[in-house]
Amino acid sequence: QVQLVESGGGLVQAGESLKLSCAASGRTFRSYDMAWFRQAPGKEREFVAAVRKNGGATIYDDSVKGRFTISRDNAKSTLSLQMNSLKPEDTAVYYCAAAGSAILSTIRRLTSYTNWGQGTQVTVSS
């Protein structure tokens, strides 16, 4: 099992940047595929980005491609999400998630992830 704690959320203006971090407990962080999801008020939780266990492959939702960068540091058991050129529609609670046995074709699905953080609020004003 891995426990996840997000940080770095806040209030920014459109066009600005923000970096989210997710600290993982335990020694097994490197054995998990990791992802960021987000949930806006009144909407379902949606996939944002994922990175495979060894950090080699990254996957992005089209809505954030070119603006967001996901990365991981297995030595420090941390996951990051660099968000640039933020838009009001990026406003949501952002969640870090871990999947022990996801396959590439299902890595965007919520059900692939067994461990979740508590979330961090990101608000982008226009």
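Every heavy atom of this structure was used, including side-chain atoms; hydrogens, water molecules and symmetry mates were not.
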Checklist entry - Given side chains that start at C-beta, do those of N115 and Y32 come closer than 4.5 Å, heavy atoms only? => result yes
Checklist outcome for this item: Interatomic distance, CZ@R108 vs OG1@T111, rounded to 0.5 Å, equals 14.0 Å
Checklist entry - Which residues satisfy the side chain to side chain contact (heavy atoms under 4.5 Å, CB included) test with A23, sequence neighbours excluded? => result none
Checklist entry - Can you name the closest pair of heavy atoms from C96 and L79 and give their distance? => result SG-CD2, 3.7 Å
Item to check | Any side-chain heavy-atom pair of T91 and V122 under 4.5 Å | outcome: no
Item to check | Pairs meeting criterion salt bridge (Lys or Arg N to Asp or Glu O under 4.0 Å) with involvement of residues 6-21, two or more places apart | outcome: none
Item to check | Backbone N/O of Q3 and side chain of S25: donor-acceptor pair under 3.5 Å | outcome: yes
Next on the checklist: Which residues pass the side chain to side chain donor-acceptor pair (under 3.5 Å) test with Q121, not counting sequence neighbours?
Outcome noted: T123
Checklist entry - Y60 side chain to I70 main-chain N or O, any donor-acceptor pair under 3.5 Å? => result yes
Checklist entry - Taking only residues two or more places apart in sequence or in another chain, which ones pass side chain to side chain contact (heavy atoms under 4.5 Å, CB included) with S85? => result R67
Next on the checklist: Strictly below 4.0 Å, N to O, side chains only: are D90 and K87 in salt-bridge contact?
Outcome noted: no
Checklist entry - Has the side chain of R72 got a donor or acceptor atom that lies under 3.5 Å from a matching backbone atom of D33? => result no
Next on the checklist: Does T58 form a side chain to side chain contact (heavy atoms under 4.5 Å, CB included) with F68? I'd like the steps, not just the answer.
Outcome noted: CA-CA 11 Å; T58 55; F68 291 12; over 6 Å; no
Checklist entry - Is the backbone N or O of S17 less than 3.5 Å from a side-chain atom of N84, with the two atoms forming a donor-acceptor pair by type? => result no
Next on the checklist: Do V124 and V93 land in one hydrophobic cluster if side-chain heavy atoms of ILVMFWY residues count as linked below 4.5 Å?
Outcome noted: no
Checklist entry - Are I59 and M83 connected in a single hydrophobic cluster, I mean Ile/Leu/Val/Met/Phe/Trp/Tyr linked by side-chain heavy atoms less than 4.5 Å apart? => result no
Checklist entry - Mind checking what makes side chain to side chain contact (heavy atoms under 4.5 Å, CB included) contact with S71, not counting sequence neighbours? => result S80
Next on the checklist: To check you understand the geometry: which heavy-atom pair defines the closest contact between L110 and W116, and what is its length?
Outcome noted: O-CZ2, 3.8 Å
Checklist outcome for this item: Residues L18 and G8: closest non-hydrogen pair is CG-O, 3.5 Å
Checklist entry - Do F29 and K76 come within less than 4.5 Å of each other through their side chains, counting heavy atoms only? => result no
Checklist entry - Which atom pair, heavy atoms only, marks the closest approach of V2 to A24? => result CG2-CB, 3.6 Å
Checklist entry - In terms of heavy-atom contacts, does CD of E44 have more than 12 from other residues, nucleotides or ligands at under 6.0 Å? => result no
Checklist entry - Are L20 and Y113 connected, step by step, through hydrophobic side chains (Ile, Leu, Val, Met, Phe, Trp, Tyr) whose heavy atoms are closer than 4.5 Å? => result no
Checklist outcome for this item: In terms of heavy-atom contacts, Y95 and G117 come closest through CD2-O, 3.6 Å
Next on the checklist: Is the ring pair F37/F47 parallel, tilted or perpendicular, if the boundaries are 30 and 60 degrees?
Outcome noted: perpendicular
Checklist entry - With distance as the sole test, does D61 use its side chain to make a donor-acceptor pair with the main-chain N or O of V64 at under 3.5 Å? => result no
Checklist entry - With sequence neighbours left out, what residues match E46 under salt bridge (charged side-chain N to carboxylate O under 4.0 Å, His left out)? => result R38
Checklist entry - Which heavy atom of A40 sits nearest a heavy atom of A92, and at what distance? => result N-CB, 3.8 Å
